[in-house]
Number of protein chains: 2
Amino acid sequence: MAASGPKYVQIKDDLAAALATGTYPPDSKLPSETELAGRYGVTRMTVRRAVEGLVVDGLVSRRHGAGTFVLAQAEMSRPLNRVTSFTEDMRAQGYEVETRIVSREEVTPPGDVRSALRLDESALTVRLERVRLVNGEPVAIQRSWVPLGRCPGLARDDLVDGSLYVTFKSVYGIQIKNARQQITATAADQQQANLLRLPLRSPLLEVRRTTLDHNNSPIEVAETWTLPDIPLTIELNN
Amino acid sequence: MAASGPKYVQIKDDLAAALATGTYPPDSKLPSETELAGRYGVTRMTVRRAVEGLVVDGLVSRRHGAGTFVLAQAEMSRPLNRVTSFTEDMRAQGYEVETRIVSREEVTPPGDVRSALRLDESALTVRLERVRLVNGEPVAIQRSWVPLGRCPGLARDDLVDGSLYVTFKSVYGIQIKNARQQITATAADQQQANLLRLPLRSPLLEVRRTTLDHNNSPIEVAETWTLPDIPLTIELNN
DNA sequence: GAGTGGTCTAGACCACACG
DNA sequence: GTGTGGTCTAGACCACTCT
């Protein structure tokens, strides 16, 4: 079991690992909460919080009076319920992720980005354009704008672990909290087609996101174009 | 305070009402959890579950060590934290919605639909194909499969208020609870292009949804293809 | 240091599913 | 009836923020 953080997170991670390795196959029943509580040496409340996380992540489903059941997982997908990093998402599903930086420049952002970031006209941003590769194949293009004032070293320093969000947290102490996303479909232009090795005008999933820190202050505008093979998933629990 | 359901739901509703009426204005601090627990005559754990719901709905934000604060509400976007119908979504934004039924048949569903609905090979479904028009223009195609066993009259009776979900509730007593959606991009095939009056291979936003009732029993598989002009907007609150 | 939210315990009773 | 998840109590200690 993992060795850091609250117990319920450790237990959740441990169960998630067990699910990933097939200890509990799809449609099978998890041990009861009482059973798990005994096994992990915690109270049932703590186990419940762990399982709650698995439910939110769409890994299991509870049925009152019957039990907790393992859900079959989609091939490759990205959860939309929480703010996540592309790298983490894919690695959590056991894929090998590479990132190629296409360009990194200090630029005056376009007007819509500037207003989303609540910057004045003279403010500079770092524009970062990356291509994501999963198992060696390009699957997504990401273009991010980050206010230079918030992350002065971003224009030159390497990203920690290849991830912008990890860099935010570990270098700048910025915790991502909320986000607003707009999702639509587009046809690949020539540059996108080249980067993703697709025919011109192939359909792409476009996500435009404004990310906010814990003070609800905007920290990033990101546009992502993804191959249709990697759908977004969202689990709604009323 | 509301008079039904678990206490934490009643407390959440009560607090939500207080927020809506301005008892706690934006940026103000809620009473501490200990204080609220005393006021409602419950333990702090119960208050925490109530407040948790407000956080998920994007009404308040917690800051460890500081307090729980009221968030200003976004004007336009509707949080996608509940399962909604296309009709409701669009009408809520002031658009006029029309629905044209393209076909309604009793069919043996394709394999993927059958397994999502957990049906056996002989089971029949009602396949309903509709085109949605907003302000007179076709903007979306919806194709739904519903197990015939659950809704025997669906193959012939009119939909209540033109809405499948209203029909579920009022005719069959089925309360929609959870849903799982996969979002991706596709290129319009010939039939879709005709129905939506688009060039062949235009990009479309595709949403595939499995809807579950209160027992987490699947009640509908729906595929929706929407024009890129109508993006999905999603607000995430960690 | 005082006050707040974050985690956890060790019980209890209830509502529901299933054989 | 038995076992399961759903709710709730009455405490406790910790981590964090603010002054």
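Per chain, numbering begins at 1; letters A, B, ... match sequence-line order.
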Visitor: So, B:Glu35 and B:Arg39, do they make that salt bridge, N to O below 4.0 Å?
Guide: yes
Visitor: Check this for me: does any side-chain nitrogen of one of B:Arg62 and B:Glu52 sit under 4.0 Å from a carboxylate oxygen of the other?
Guide: yes
Visitor: Could you check how far CD of A:Glu52 sits from P of D:dG6, rounded to whole Å?
Guide: 8 Å
Visitor: For a quick test of reading the model: is some side-chain N or O of A:Arg62 closer than 4.0 Å to OP1 or OP2 of D:dG6?
Guide: yes
Visitor: Is B:Arg209 paired with B:Glu223 through a side-chain N to carboxylate O contact shorter than 4.0 Å?
Guide: no
Visitor: Distance check needed: C:dG3 C1' versus B:Leu36 CG, whole Å only.
Guide: 14 Å
Visitor: Using whole Å, report how far CD1 of A:Ile11 lies from P of C:dC8.
Guide: 8 Å
Visitor: If you draw the axis of the six-membered ring of A:Phe69, does the NZ or CZ of A:Arg63 fall within 45° of it and under 6.0 Å from the ring centre?
Guide: yes
Visitor: Please determine whether side chain to side chain contact (heavy atoms under 4.5 Å, CB included) holds for the pair A:Val146 and A:Thr125, giving the CA-CA distance in whole Å, both sets of side-chain angles, and the decisive distance to 0.1 Å.
Guide: CA-CA 5 Å; A:Val146 180; A:Thr125 57; 5.9 Å; no
Visitor: Counting only N and O atoms by type, is there a donor-acceptor contact under 3.5 Å from the side chain of B:Thr184 to the main-chain atoms of A:Pro228?
Guide: yes
Visitor: Regarding A:Gln142 and A:Arg132, is there a side-chain donor-to-acceptor distance under 3.5 Å anywhere?
Guide: yes
Visitor: Please report, rounded to the nearest Å, how far the C1' atom of C:dT4 is from the CG atom of B:Leu30.
Guide: 13 Å
Visitor: B:Arg49 has an atom CZ; how far is it from atom C1' of C:dG5, in whole Å?
Guide: 17 Å
Visitor: To the nearest Å, give me how far apart CZ (A:Arg48) and P (C:dT7) are.
Guide: 16 Å
Visitor: How would nucleotides 9-19 of chain D be written as a contact map, 5' to 3', with B for base contact, S for sugar-phosphate-only contact and - for no contact, using protein heavy atoms under 4.0 Å?
Guide: BB-B--BBBS-
Visitor: Does a side-chain N or O of B:Tyr8 approach OP1 or OP2 of D:dT7 to a distance below 4.0 Å, or not?
Guide: yes
Visitor: Across the strands shown, which category fits A:Thr68 at heavy-atom distances under 4.0 angstrom: base, sugar-phosphate, nothing?
Guide: sugar-phosphate
Visitor: Between A:Pro6 and B:Gly67, which is nearer to the 5' end of DNA chain C once each is assigned its nearest nucleotide?
Guide: B:Gly67
Visitor: Figure out the CD/P separation between B:Glu35 and C:dG5, and round it to whole Å.
Guide: 11 Å
